[in-house]
Every structure is written in structure tokens, then in C-alpha cells.
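Below is one structure, written out as C-alpha cells; comments come after it.
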Amino acid sequence: MTGEVHRRAFLAGTALMAAAANSGPAGAVDSTASGLHLGARKPFSWELLKERARELAGQPYYPPPRPAPEVVGKIDYQTWGEIKFDTAHALYAESSNRFPITFFHLGRFFPKSVEMNVVEGEQAREIIYDQSYFDMPADSIARELPKGVGFAGLRIQEAKDNEELDWKRNDWVAFLGAAYFRSIGELHQYGLSARGVALDAAVAGRAEEFPDFTRFYIGPESGDTVTLHAFMEGPSIVGACRFLMTRGKGVLMDIDQSLYLRADITRFGLTPLTTMYWFSETVKKTGADWRPEVHDSDGLAMWAGSGERLWRPLNNPPRVMASAFSDDNPRGFGLLQRDRNFDHYQDGVFYDRRPSLWVEPKGSWGKGSIQLIEIPTDDEIHDNIVAMWVPEKPASAGSEFDLSFRLYWLADEPFPTPLARCVATRLGNGGQPGQPRPQGVRKFMVEFLGGPLADLPFGKKPEPVLWASRGTFSYIFTEAVPDELGGHWRAQFDLTVEGADPVEMRLFLRLDEQVLSETWLYQYHPF
């Protein structure tokens, strides 16, 4: 069966209760769609989408179409960047809807055709690709593409009534590539991404699988919220996803997923977040780059089901590392960019404005673990970090998973701890000043700010509570950071350890029996 036949089989399946009398002529122009050509009307609902996903999970997998590969393969990054969607053709540009929708063109790095549909009540109509929707140079190789090749992805533009941001030049959500999506968040800057699912990431002997969003159903819109449905498919999975995306101070996404497995999955990653971390003030090899820090996120924050708040600074490890933090009904987790000081980056790409992304579970998630995958990188062009929820329930062929959660794309986590938070982790050579620095000893300086530290009685010092999986601690003390910033303290200690195996560490501050800070977790790689 060819990919095109498979696509048509899907359309036939979604028409379980089709009424031909409601279908308009294929290729008709809808005046509310800014001149976009729309296909015939077909029944659509969330229940129909889930029903078709369940049905298709029992059938062989056929990959999405890759039209005209000999032409698309020549649309390199520069050529692709010169192809701009003409906002005069944006979906909803001329309607009462506030948020117009524009589309990405196919190219070498986005060669798979993604079907786009607009929802009208209980029906949907396919948006038919036409070259006239795009502005491109007269000599662009893209002009050689045949009719109806399709789109690579979509983006949601800012509101037409936004007086500060021109909707034709600014967007706030983008879906592009496999099952990836992202938002500009609260500070109007793209950074990390979310994914529909992560299958066997960093599993020895198994290649990671990247399912695709193969079809989108756009609409309806209500106030500040845009609804989007997506059909996701890969060799091992079929899924139906519903997004309710609200534009406010930041961006909120309420997401429902129904996932159906075709094959066994060893590491079944739900709500995966992916980001880039190259280096920061924690560990920076001399001359690695002219900038002080380069990262989209600097740590993983977790709010355990027990109520404990944890902070795990990210690493650029010497080899691929997978860490698991077991939990029962977690309250949330996220990859955050806590360092908002431009001077710490010195870069015009605004790393200081990259969004933080927080996952809030809905309902009972049960037992499982928040897992963190860290992959070595020597450049900022690679997303080398993944954080996700992995359920304890085996992900075996024939299994079904229903999941609901909310994503917060903000400047900070949406439910900050009342405790002091970790704001910096710094490593250096161990030992005491004025004496030879011993081999195998590393000095740690971990900074905390705010919370109960701001109200410590005069003369009282917080006590550091330390633990390590191996090695010994020495030269342990705390002190107020001498910057006249109230509630800013640091814990200092040396760790002596032999061998190159990683060391797991924990630290929090307390006074008597009162916990003063979140728990700092760290994976130290001796060097």
C-alpha cells in the first residue's frame, strides 16, 4: 500500500458517518480562509479521531508521504529560509478569529508532507497546498514542485488586535518537524521544545523512534484559546492529541492524549521536553567559547508527590547519561531557565529570554519516574537534553495510555516553592587557599536565594545537609554571599573521590529542624 493510498484510507475511516450531501466541491475557495483552497467536508470530532487511532494501531505502518524528493532535497536551509508564507493567505486573516494561522514550506530538513485541515463545526476540510500561498525568489528550486505537495508545519500568529506586536511578523506557537512543537512563552523568545512522545531515547541497542504529527485539525477558537487536534503515527505507536492553547501573560496548553502501541517500548517517555545545554558557570572548560554561558535551560525542577521540591542542574556529560527520579503521582516538573542576566550570556540570540516549560499532571499518573537524558555536545546547535515522565506500567504492544496535562510556557515555574531556591552551582579545584591543590578533590559552591533565608535571625547560619553516593566531604561551611542581597547564601564543601564513575549528590539547608531550601541534586563527573 502506498503512502497516498494509506492517507486516503485514513480519510475514509474518519468518515464513519459521512453524509455526502454535506460535502462541498474539492478545491473550492472559502472566503473566510483568505483565498485558501479547501477540500470536501468530512465529519470530524475528538471521538472519531481517537477511534481511528485505535483502529489504525492494529494495522501495518506506512510512513507519511515525501513528495518530489529530488526537488525537496535541494531546498537547503538557506533556500528554505527565503520561502515565506504570504500572510494575505493566512487562515482566519479576514475572519472574526483573532489568531491567524500560517504554514511552513517543505524543505530538505522537513521533507514529510503534513496534512492540514480546518474545522467547521462537526466537519473538517483539507487545506490544499498552492504555490501562490508563498513568496519565494523567481529562481527558487521550490517552483519546480508539483501541485498539492502539502505543508511541513504550521504556526499561530499573534492576535490581530494586538497593538504591540504585528501579527504578520510575530507568532507564538509553532509545530514543525516530527512531533515537535514550541512556544515563545512569556518573554517572546523561542527556545526549548516539547514533543508528542519519546520512544526509546538513549536505550542501548535500540534506535530512538520519532513519530510524526501527520495531520492537523485547526479550530475552533474561543477568546484567547485556539483548539488544535493532531494525529500522531510511527512504526510503534498511533496517537490522537488535543491541544487547547491559551495566549495570555505566557502560553498555557491543556493537552489530552490517547496513545495506542503497536510494539513494545523499553523507555516510554510521556510529556517529553527537549532543550540545549552546552555549558554554564558550573563547569566551563577554558576557551570553550567566548561567551560565559550557552544554554536554553539550566536545570530540571521537580515537585514530588511527597511535596519535596528538587533542583537538578543540567550537565554536558562525557557520555550519554540517563537519570531516573522515582515518584508516585508527581505534582509537576519542568526544564527551566533560571538565570535571566544578559551579562551571563552576552549573546544577541537572547538566551536570557528563553522560556521555562513546566508540566502539570491532571488526574492520577500513578507510579513511575521523571527521567533525564543528557547527551554530550560540543556546540549549541544540538538539543542534547530530554526530560520526561516514564510510567511504571509496561509499555507493551496493544497497550493504551490516556493522559491529560497542562504545559506552562513562562519565565519561571508557575508554582514556585516558598523555600530558598538554588540559583548557581560552581565547581573549582579543592583544597584551601595558599596551599597546594590536591588531586582528586573538587570544590563545590552552591548558592541559594530567598525563602526563609531572608528571615534568618542575626548570628544564625544555615546548616548544609549533604549526601553522596561515594567519596568523602571536607571543608564544609555556609556563608552569606557578600553582595548585600538579602537571603543570598552559599554552601561550600570539598569532595574527595577516586575513579571516573559519576557521583550522585544531594544537599539542602536547614536551621535546627526547619528545612530552609529546596533539595539540590547533582551528578558529578570527576575530571
Side-chain angles (χ1 to χ4, degrees), residues 192 273 275 277 279-283 293 295-317 321 323-327 330-341 344 354-360 369-374 385-389 408 410-427 444-454 462-469 478 481 485 487-493 495 502-510 514-525:
L192 78 171
L273 318 178
T275 192
Y277 176 87
F279 61 87
S280 68
E281 78 278 345
T282 303
V283 179
E293 302 186 38
H295 50 79
D296 284 333
S297 310
D298 51 14
L300 169 65
M302 294 172 279
W303 190 4
S306 65
E308 186 179 17
R309 307 299 289 258
L310 305 110
W311 174 252
R312 165 60 154 78
L314 297 179
N315 275 326
N316 182 359
M321 300 298 301
S323 303
F325 309 94
S326 297
D327 206 350
R331 303 188 190 187
F333 69 94
L335 289 173
L336 310 184
Q337 185 78 311
R338 281 188 172 174
D339 191 339
R340 295 295 180 189
N341 190 330
H344 293 179
R354 301 300 167 104
S356 293
L357 180 52
W358 182 264
V359 180
E360 178 189 9
S369 59
I370 298 167
Q371 297 197 10
L372 176 66
I373 307 298
E374 296 168 301
I385 305 293
V386 182
M388 56 195 166
W389 172 252
Y408 295 80
L410 300 170
D412 198 358
E413 56 193 291
F415 310 105
T417 176
L419 301 173
R421 301 204 305 175
C422 179
V423 294
T425 302
R426 309 178 195 276
L427 274 64
F444 288 79
M445 301 283 283
V446 184
E447 296 182 16
F448 295 90
L449 177 64
L453 292 179
E463 173 194 358
V465 181
L466 279 164
W467 173 89
S469 58
T478 61
V481 178
L485 187 61
H488 193 186
W489 284 76
R490 59 190 175 204
Q492 175 176 318
F493 57 90
L495 176 70
V503 182
E504 301 294 341
M505 307 170 68
R506 293 173 63 95
L507 162 70
F508 67 90
L509 302 182
R510 73 182 178 192
Q514 180 189 3
V515 175
L516 303 177
S517 74
E518 64 185 1
T519 300
W520 170 85
L521 306 178
Y522 193 68
Q523 186 179 80
Y524 168 54
H525 294 267

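- Of the inter-residue distances, the one linking T425 atom OG1 with L521 atom CG reads 10.5 Å to the nearest 0.5 angstrom.
- With rounding to the nearest 0.5 Å, the separation of CG in L273 from CG in L300 is 8.5 Å.
- Sorted by first then second residue, the salt bridge (Lys or Arg N to Asp or Glu O under 4.0 Å) pairs that include residues 444-453, not counting sequence neighbours, are R426-E447.
- With sequence neighbours left out, D327 forms a side-chain contact (heavy atoms from CB on, under 4.5 Å) with A304, P330, W389.
- By the 4.5 Å heavy-atom criterion applied to side chains, H525 and V283 are not counted as neighbours.
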Before giving the answer on ring-ring contact (aromatic ring centres under 6.0 Å, His included), spell out for Y524 and F444 the whole-Å C-alpha distance, their side-chain angles and the decisive distance to 0.1 Å. CA-CA 10 Å; Y524 168 54; F444 288 79; 5.4 Å; yes

Test side chain to side chain contact (heavy atoms under 4.5 Å, CB included) on S356 and L410; report intermediate values, then the result. CA-CA 5 Å; S356 293; L410 300 170; 5.6 Å; no

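- Checking side-chain atoms of S517 against main-chain N and O of A420 turns up no donor-acceptor pair under 3.5 Å.
- Partners of N315 under the side chain to side chain donor-acceptor pair (under 3.5 Å) rule, at least two apart in sequence or in another chain, are Y522.
- Under the rule for a side-chain contact (heavy atoms from CB on, under 4.5 Å), the partners of P464 that lie at least two apart in sequence or sit in another chain are I476, T478, A491, L507, L509.
- Nearest approach of L419 to E518, heavy atoms of both residues: CB-N, 3.8 Å.
- When all heavy atoms of F493 and M505 are compared, the pair lying nearest together is CE1-CE, 3.4 Å.
- Residues E360 and P414 have side chains not in contact (no heavy-atom distance under 4.5 Å, counting atoms from C-beta outward).
- Summarising the geometry of L516 relative to P452, their closest heavy-atom pair is O-CD, 3.4 Å, with the distance given to 0.1 Å.
- Atom CZ of R490 is separated from atom CE of M445 by 4.0 Å, given to the nearest 0.5 angstrom.
- With sequence neighbours excluded, no residue forms a ring pair (Phe, Tyr, Trp, His ring centres under 6.0 Å) with F508.
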Which is it for Q371 and S369 under the side chain to side chain donor-acceptor pair (under 3.5 Å) test, yes or no, and what are the steps along the way? CA-CA 6 Å; Q371 297 197 10; S369 59; 3.0 Å; yes

Full working for side chain to side chain contact (heavy atoms under 4.5 Å, CB included) between L357 and T275: CA-CA 10 Å; L357 180 52; T275 192; over 6 Å; no

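- For residues 296-307, the set of pairs meeting the salt bridge (Lys or Arg N to Asp or Glu O under 4.0 Å) definition, not counting sequence neighbours, comprises D296-R354.
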Can I370 and R312 be said to form a side chain to side chain contact (heavy atoms under 4.5 Å, CB included), step by step? CA-CA 12 Å; I370 298 167; R312 165 60 154 78; over 6 Å; no

Stepwise side chain to side chain contact (heavy atoms under 4.5 Å, CB included) check, M302 with E308: CA-CA 8 Å; M302 294 172 279; E308 186 179 17; over 6 Å; no

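- Pairing each heavy atom of W520 with each of P313, the nearest pair is NE1-CG, 3.6 Å.
- Taken from CG in L335 to CH2 in W358, the straight-line distance is 10.5 Å, to the nearest 0.5 Å.
- R338 has a carboxylate O that lies under 4.0 Å from a charged side-chain N of E413, or vice versa, which qualifies the two as a salt bridge.
- Remark: the backbone N or O of H295 is paired with a side-chain donor or acceptor of Q337 at under 3.5 angstrom.
- Here the shortest heavy-atom pairing between A411 and R340 reads O-NH2, 2.7 Å.
- You'll find the side chain of W311 stays beyond 4.5 Å of the side chain of F448, heavy atoms only.
- Considering every non-hydrogen atom in both V515 and R510, the closest pair reads CA-CB, 4.2 Å.
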